[in-house]
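In what follows, chains carry the letters A, B, and so on, assigned in the order in which the sequence lines appear, proteins first and then strands, with residues in each chain numbered from 1.
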Amino acid sequence: MDLTYTEEEEEFRARLREWLGKVLPGLPPKPDPADWPARRRHDAGWQRMLYDAGYAGLHWPVDAGGRGATPTQHLIYLEETERAGAPYVGANFVGLLHAGPTIAAEGTAEQRARWLPPVLCGDEMWCQGFSEPDAGSDLASLRTKAVRDGDEYVVTGSKIWTSHAEVADWCELLVRTEPISAEVPKHRGISWLAMPMDAPGVTIRPLRTLAGSTEFAEMFLDEVRVPVGNRVGDENDGWRVTMVTLSFERGTAFVGEVVACRRTLGQLAAEARKNGRWDDPVIRRKLGRLNAELSALWRLTQWNVSEAQASGGVPGIGGSVFKLRYSHARQELYDTAAEVLGPDSLDLAREWNLDRLSSLSYTIAAGTSQIQQNIVAERILGLPKGR
Amino acid sequence: MDFQLSDDQRALKAGVRELLEGRFGRDALRAAVDSPSLDRELWRELGEAGFFALRLPEAEGGVGLGLPEAVLAFEEAGRVLLPGPLVATHLAAGSVEGAASGTVVVTDVDESGLVPWLEFADVVRGDASGAVPTSSVDPLTPLHKVPTAVGVPDGAVAALLTAAEQLGSAARTTEMAVQYAGERQQFGQPIGAFQAVKHLCAQMLVRAEVARSAVYAAAVTGDRLEIAGAKLLADDAAVRNARDCLQVHGGMGFTWEADVHLHLKRAWVRAEFGGSAAQAEEELAAAL
Ligand SMILES: Cc1cc2nc3c(=O)[nH]c(=O)nc-3n(C[C@H](O)[C@H](O)[C@H](O)COP(=O)(O)OP(=O)(O)OC[C@H]3O[C@@H](n4cnc5c(N)ncnc54)[C@H](O)[C@@H]3O)c2cc1C
């Protein structure tokens with residue numbers, strides 16, 4: 001058991017920290033969350049800076065254009081960027097954190113050459129078209145269908161909760177290439193396609209979240225033509241490819257946020273000391289317990305990363321253990337922030353109140369807590385599958 | 001950074017498990033519950049195996065290992081609910097003659113004012129004058145209470161080793177619940193196929209694994225605050241896992257026959273030792 005970093009890792013950290021210290025002060029201010037074109041420009045700009053400095057796709061394999069960094073270096077990267085308050089990956093989320101890694105792992109040489117470089121330099125953005133109005137947790141029962149017509153699929157159906165759909169160039173889209181029947185159970189007959197978002201027949205209707213923003217959208221697909229060459233993996237083998245995508249999404253995507261939460265906790269304590277709430281022992285004790293909780297989550301992350309490093313690559317289902325506890329801790333953090341703010345917790349202009357609203361999604365998005373508990377119970381503990 | 005057990009650490013853990021399962025298996029546990037007394041012979045065997053001298057330098061006749069290894073050994077002790085003032089005797093190795101070899105049993109006056117195993121110990125560290133026996137909730141931890149108590153000097157290490165025992169218990173009750181849920185049938189299927197049961201078990205694993213990361217990391221850094229946090233999370237994991245394990249066992253869980261109550265009662269006792277939750281939380285808050 002060793003928690004010290006090697007000299008090489010510390011050098012990497014120092015170089016990164018120095019670079020962040022140099023570039024962050026000159027960065028344009030955060031755009032208005034309602035202004036999508038501005039957000040896209042901002043997020044793409046940050047990605048370009050990372051690319052030019054050699055930090056893009058740090059954890060991607062070298063033959064996919066990445067830097068082939070070790071999981072530990074990636075951890076250091078997340079730690080340092082969050083600590084320095086660097087922009088969040090934002091609209092680059094899907095491309096960088098799961099569509100890209102999926103294509104790197106499952107795509108052909110041609111597909112990798114076409115799609116990966118623009119993700120890395122911030123030129124193209126992706127969204128995720130998995131969920132449908134009638135297929136959320138039961139993702140495999142999706143119904144959007146793709147019918148082969150020559151060397152194209154003709155896609156018809158609808159998707160929902162598609163984050164960042166308004167600015168995406170591409171969509172990782174799950175379609176049914178074989179209808180469900182007695183011979184074809186629901187997990188078969190699914191294919192994974194890269195769909196251009198500007199194709200005729202794609203209509204996007206923004207959905208307003210409870211935080212007032214339009215983070216996600218509904219997507220209507222009316223005879224959208226997608227080249228067969230845009231299919232990643234074999235026809236009807238999309239469920240397997242999807243599992244690869246989900247392991248990236250659940251395994252690594254939230255890790256860096258623990259650092260951001262720890263920063264917020266420190267600010268919360270400072271606010272409480274300033275506004276008098278610190279005198280309340282109930283609030284003090286909650287802050288103390290959160291301190292223990294977030295430190296432990298960081299240690300759990302280091303444990304999981306060490307394990308992934310030892311076993312060589314794709315994050316394991318330990319990610320579900322992390323996600324269950326983290327999503328809860330994050331909600332607890334912002335509920336405590338509301339207690340610290342008192343009546344000011346009703347003022348949306350005050351820091352943390354929008355974050356409190358956003359935190360409500362953590363036990364739902366990327367697989368609900370109930371679904372994660374099923375995964376832990378069945379795949380880690382080996383309990384019988386439910387009906 | 002390689003935050004995994006080394007081969008040596010794995011071997012140590014397996015060795016301690018084997019020793020304890022052989023020497024203090026279920027029958028021994030139940031026999032001890034029926035007539036609580038300190039098994040001197042077992043104490044000496046633990047001494048011979050190096051349990052108490054684990055962190056004592058080799059030059060002083062010890063094993064010369066560190067806190068991480070001690071934590072692994074105490075985790076195993078917690079798994080089997082090994083009784084006795086283990087932490088106090090371990091801490092006294094090197095300063096109290098005979099503690100390291102297990103020929104002398106040492107107990108401490110805890111800062112809570114509680115003294116475990118007082119009438120069975122040879123040496124008491126701290127002032128136990130005026131001690132009165134209490135009717136202990138845990139059949140395997142006889143307790144006295146003293147009117148005024150001062151904490152032991154190595155309180156942080158005591159708290160960490162106690163946390164390690166809690167971790168062992170939390171992991172063990174998870175296994176017990178999972179095993180029972182896979183065997184017990186109701187409505188024509190194992191109860192573990194029901195989500196309400198499945199989700200209790202999943203949460204037990206999550207609690208144990210989060211506590212494990214915290215306890216192991218605190219053992220590596222030896223940091224006071226990190227130890228306080230680890231104790232907090234391990235107490236929580238041990239107590240709540242025992243309760244959930246009891247729930248999964250249904251009526252069987254409420255009986256004296258099932259071992260679940262022994263885990264819960266010991267977890268309550270350990271949670272009281274080495275500083276209260278309130279103290280730890282205040283300490284962790286003050287550091288923000
Ligand atoms: C902020 C946000 C962003 C999102 N972004 C995207 C995106 O970009 N792309 C995309 O494809 N999807 C996205 N999603 C969708 C997300 O993956 C789904 O919302 C989620 O998987 C749950 O599906 P659902 O909404 O249909 O809820 P349902 O599946 O209808 O679930 C409703 C309730 O029933 C429970 N439930 C359902 N099945 C079970 C079961 N078997 N056992 C126990 N309980 C069960 C759930 O836990 C939940 O509490 C996003 C969601 C949110 C909130």
Side chain, backbone, both or neither: which part of B:Gln9 has a heavy atom under 4.5 Å from chain A? side chain
If you tally heavy-atom pairs under 4.5 Å between each of A:Ala270, A:Ser306, A:Ala292 and chain B, the highest tally belongs to A:Ser306
Answer yes when A:Arg325 and B:Glu209 have at least one side-chain N-carboxylate O distance shorter than 4.0 Å, and no when they do not. no
Between B:Leu232 and A:Arg289, is any pair of side-chain heavy atoms under 4.5 Å apart? yes
Side chain, backbone, both or neither: which part of A:Trp298 has a heavy atom under 4.5 Å from chain B? neither
With a 4.5 angstrom heavy-atom cut-off, which part of B:Val220 approaches chain A: side chain, backbone, both or neither? side chain
If I measure from the heavy atoms of chain B, does A:Ala296 come under 4.5 Å with its side chain, its backbone, both, or neither? both
Identify which part of B:Leu288 has an atom lying under 4.5 Å from any heavy atom of chain A, answering side chain, backbone, both or neither. both
Go through the atoms of B:Ala277 and report whether side chain, backbone, both or neither lie under 4.5 Å from a heavy atom of chain A. both
Can a salt bridge be assigned to the pair A:Arg284 and B:Glu282 using a cut-off of 4.0 Å between side-chain N and carboxylate O? yes
Please answer whether the main-chain N or O of B:Leu284 pairs with a side-chain N or O of A:Asn291 as donor and acceptor at a distance below 3.5 Å. yes
Quick check on A:Glu9 against chain B: is it the side chain, the backbone, both or neither that has a heavy atom closer than 4.5 Å? side chain
Does the distance from a Lys or Arg side-chain N to an Asp or Glu carboxylate O, for A:Glu378 and B:Lys198, drop under 4.0 Å? yes
With no hydrogens and no angle check, just 3.5 Å: does a side-chain donor-acceptor pair link A:Gln370 and B:Gln195? no
Checking A:Arg262 against chain B: side chain, backbone, both or neither under 4.5 Å from a heavy atom? neither
Against chain A, label B:Glu175 side chain, backbone, both or neither, depending on which of its atoms sit under 4.5 Å from a heavy atom there. neither
So what's closer than 4.5 Å to chain B heavy atoms on A:Leu3: side chain, backbone, both or neither? both
